[in-house]
Amino acid sequence: MIRFLLNRVMGMVVVLFLVCLFTFVIFFVLSPDPAVQICGKNCTPEVIDQLRANLGLDQPFWSQFWTFVSGLFVGRTYGSGPNAIDCAAPCLGYSFQTSQPVFDMIAQRLPVSATVAIGAAILWLLAGVSAGLVSAVREGRFADRFITGLTLTGMSIPNYVLGLSLQFLLVVTLGWLPFPQAVPFSEDPVQWFSNYLMPWIVLAVGASAVYTRLTRANVIETLQENYVRTARAKGLSPGLVWRRHALRPALTPIVTIFGMDFAGLLGGALITETVFGLNGIGKMAADSITKNDQPVIMGVTLLAAFFVVIGNMVVDLLYTAIDPRVRVGSAA
Amino acid sequence: MSETPRDTENLLRVRDLTVGFHTAAGQVDVVKQLDFDLARGGALGIVGESGSGKSMTSLAIMGLLPKGASRSGSIEFDGTELTTLPERAMRSIRGDRIAMIFQDPLSSLNPYYTVGTQIAEAYRSHRSGVTRRQARKVAIEAMERVHIRDAARRVDHYPHQFSGGMRQRVMIAMTLSMEPELIIADEPTTALDVTVQAQILDLLAEIRSDTGAGLILITHDLAVVSQVTDHLVVMRDGDLVEQGAAEQIFTDPQRDYTRMLLDAVPRIDDEIGLLRTLTAPTAEEES
Amino acid sequence: MNDAPEPLLRARNLVKEFATGGAGLFGRSARFRAVDDVSLEVRTGETLALVGESGSGKSTTARLIARLLDTTGGSIEFAGREVHRLSGKALHAFRGEVQVIFQDPYSSLNPKHSVERIVTAPLVYQRRRIPGGARDFTKELMERVGLNPDHSARFPSQFSGGQAQRIGIARALAVGPKLIIADEAVSALDVSVQAQVINLLRGLQEEEGFSYLFIAHDLAVVRQIATRVAVMNGGRIVEEGERDQVFGAPRDEYTKKLLSAIPRINPEWDARRRENERARRAREQEAAL
Amino acid sequence: MTFTSTDLEVEGAAAGGETAGDPAPSSPPASGRRLVRAFLHDRAALACSVYILLIILMALAAPLLVKLSGWGPLEFDQSAVDPNLGGLPLGTAGGVSAEHWFGVEPGNGRDIFARIVYGARVSMTIALLATVLTSVLGVVFGLLAGYFGGRVDMVISRVMEFLMAFPALIFMIAVLSALPAENRQFLLVGVISFFGWPYLARIIRGQTMSLKEREFVESAKASGATSIQIIFKEILPNLSSTIIVMTTLAVPGYVGTEAGLSFLGVGVVPPTPSWGQMIASSVPWYAVDPAYFLFPGAFLFLLVLSFTVLGDRVKKIAESGEGRA
């Protein structure tokens, strides 16, 4: 068990390191010179050289990479002398455009992205799993076909199309919801809620369609298992057969996928946040792209990868707890 | 064929049993108008090759036919007509008075629960007011009765921690905890090695003599059936070929198919020569 | 046994180990010895049966001999050549002399290939000419194994289990092998079909004179077809000898246990059945006259 | 626009399931003819294919259609918009008229029909090319990893895990934003495929691993087949239905991805039209000129839906035919 954990953690560290390296290489090769950007319009080659030296951009690749990685753990300082900029311990980089460490920028916006992710996750989990169950129970009947039709539609509608349509319908035409406006929960819970409602729905529609299909397929498959037949042969009530012998095996794989999807969402819902003007990580990333603020893009990429990798590991551990075949080895 | 006396001593009385599937091509019958009886405490073997309908017969008795299958005819268990019994009443018989053992013990046990839980679960759902602790005790006792050593510890193990033969013992323990009047065993030893098979067959015999339960053994193996059961039903393509006392069928079979089947079984202590096969191609060989 | 001819196949001290368990960053992989110091010989024209229960290593031994697996230790000599050193043309030649029939007839035939393609595959893979053209060659082989030659364009799923196994046999015959390894070749078949296939295998051997290495768990079947028998348990051969000796006077404890565990039909019943059968035939003849 | 990795998971679970039970020896393997027949009986599948064909025809015949309608995708028609209202199209429903069949863009008065028609070209080219590329990569790597196992599998699997753990959308955007604007369409194909192939490869790998255990593979080996022959002659034919289903289901994802990237402004470079980009530029207008948003939105949604439904149906037909083989 401990060895298993160690293996997982090591694997995770390796993947994260590779993500770092890969991202760094891409940006190192592709990005326009940050020094030129910082320098602005009226710039002389001397100033640029000065800046490059200050930022360590004249160093070879590996040395720059090392500075970056060590910055993650011990922080780093950009430049020297009185103009030096300090970037504290988990230093994901520094945005010269906004004059802020990337980590702080992300930390400010994480609550918004987390709220979006958590709300959407609850919604799609509830809707997806229950629709999937109904579909499986009524397999081949009208309800099943109706739900299947809905899921196909849900999967097909791009979320910005859905987002804009909803906004047009609910806010502009029908006026059921007030125009989105960022307010803290403590100030106006109703406005806060209605503010997040549409992003939640938009994100949940596509995902719950996928979860519906998954649940349906798993339940139908599990119901054909021999042990379900055994349970019925024991004379258990249908409720008990369902609860104990069909649902648990059928829903366990969903844990895996849920963990991954949720973790992926924490790194920012780019399109949805942009469409609804929510000031989360996703929107920040989209804005940074428009402004070409490389350190921010890189920071967000790393953070999102970090969430996915962590999510992956949590799922693995959960699986170990849920599935006795993984938890206790074979003794036979 | 159905000359058997209509005594009330019969535990199970099956008449005109037909199991059919609705397919796009119409109704396909996999069991056709089957008649047989099982005496109280008797052991009946249902023998046939693949596709003979023997497994469907057992599922029809249990009322566990797969989706899309339908049954007609009469199945009388201890004077109760099972085919018309409401599902709730059938459920109280299933597992309690009629228990079933399946072919593949690994896939027949739920990997997510300990064997103790799975043995106790039937007991708790059939006996009201049983505490968790009492049910656990019953499970341990049942496991001891099927000779699983160290039952008090093994009760908390999961199915994948047992070997094939041990898993089948767990399955049998599961049926035993309820003290059923009828045990239906569908190919209980087919997935097992021959030495383990011998142990399981011994165990079944032991349980029968201990509890006096009736047994229906469904198998393709004539040698197995000859050792365990006193009465035999031979099936082919859903039809009943012949039935009677085991000794009578093994010594004086009336039908060509039964004769061919008996000739085709390789013996361990018989002359060696060309194994006799039916000269006409069997149904399996036609296409 | 002393004046026996040079064996066709000779395996000496075969060992095969598999890695088990996760070989992760911190895990050392445990090794499981599936075949442990196995030596055996198959002579021309005879049938050596390798029997054992699941996990005894008999199928692994077969795969080592067919060179479907690499050995961990030991040597295999076939017709004087060291099997695990063969490559290129010599390996193709070996593949043409040793063929395998598998347990599950459906799994051993590619569902997407027609019978013709399946049966001629060994020749195609070995880049050999198909004598008389693929179509006629297939038809001839199908007839030899008792299949309708008009079905050569059909796919495996259109045949029954017994017929599919016959296709597998036809494929093995296509290259004219000297040794056929039959790995549980009749275990998955119904008893009536099993009898037919056993008879077919015996008949073909009489005609062609090749050898069988017959892998099985069913001793009753083995007794019908074997010349000699080797019993395996836990990766080792625990007893080897002429068929009648192994069945009649087993020396090893495990062999004895195995033999006694076999369910059998009461011999006295069998005798009475034959008696009744004779009487019945006599009656029928009388009636016919 | 999340990647439908979970959806692929479903396919994997369904398709990877071993066929258990007794094989019924009557039905021939799913032949092309039977597939087509089953298909023709399926109205939904038929309707979807018709729509997809229409879009493809539209894309192919774009120059012709534009000649018919009279307005090119890049021509401005200032007479169709009202400069006093900030460039709002004149007339109802965003300026729908005999002149401009789907109305005009607010502001500069470009013909929406022409832009939809040309946008179809971009969307279909990118989605289809990306599908072809991911399929080839996914099948080849999946086969290699699944068949050879061991080190080969380890390397390929790690790369796949790595790519799947990557926040692909953010990264695609980052890379595309940093890349020069020339040849944007091919860059899009490249970037989408680079992150897309592991989803197919993972399923192919799983199926190859189970097919590899089938005895016909051993039999081919015993017959003298080389690994390459086994992979491509014995295993690959058995994956055909999986590949067909997976690629059909992948197309809508790529149509959506292309549109999404263009929506975020890193896709096709203006003035080249693309549906996603049209939707993006309709955002500031959607309250006053909803038609500008509705036309490309509806076309995009229907195209993705058609491919999704089609994939779903093909999968069902393939499964019912293959279940026994």
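Remember, it's a predicted structure, so these values are computed and weren't measured experimentally. Naming convention: chains lettered A, B, ... in sequence-line order (proteins, then strands); numbering from 1 in each chain.
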Which heavy-atom pair separates [X] from [Y] by the least distance, and what is that distance?
X	Y	value
A:Pro324	B:His160	O-CE1, 3.3 Å
B:Met62	A:Ala233	CE-O, 3.7 Å
B:Ser125	A:Leu240	CB-CD2, 4.4 Å

Find the distance between [atom1] ([X]) and [atom2] ([Y]) and round it off to the nearest 0.5 Å.
X	Y	atom1	atom2	value
A:Glu225	B:Asn110	CD	CG	8.5 Å
A:Arg232	B:Met100	CZ	CE	11.5 Å
A:Lys234	B:Ser177	NZ	OG	8.5 Å
A:Tyr227	B:Leu106	OH	CG	10.5 Å

Per-residue contact mode, [X] against chain A (heavy atom under 4.5 angstrom):
X	value
B:Gln118	both
B:Met178	neither
B:Met166	neither
B:Leu59	side chain

>> If you apply the rule side-chain contact (heavy atoms from CB on, under 4.5 Å), what do you find for A:Ser237 with B:Arg91, and how did you get there?
In response: CA-CA 7 Å; A:Ser237 65; B:Arg91 214 158 55 224; 4.0 Å; yes

>> Just so I understand: if I count every heavy-atom pair under 4.5 Å between each of B:Gly95, B:Ser107, B:Gly164 and chain A, which residue has the most?
In response: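 So the answer, after comparing B:Gly95, B:Ser107, B:Gly164, is B:Ser107.
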
>> Please classify the contact of A:Thr252 with chain B as side chain, backbone, both or neither, using a heavy-atom distance under 4.5 Å.
In response: side chain

>> According to salt bridge (charged side-chain N to carboxylate O under 4.0 Å, His left out), who are the partners of B:Arg94, at least two apart in sequence or on a separate chain?
In response: B:Glu87

>> Apply side-chain contact (heavy atoms from CB on, under 4.5 Å) to residues A:Thr230 and B:Phe102 and explain how you reach the verdict.
In response: CA-CA 8 Å; A:Thr230 309; B:Phe102 297 98; 3.9 Å; yes

> On the ring face of B:Tyr112, is A:Arg244 found with NZ or CZ under 6.0 Å from the centre and within 45° of the axis?
Replying inline: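 Negative - A:Arg244 is either too far from the ring of B:Tyr112 or too far off its axis.
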
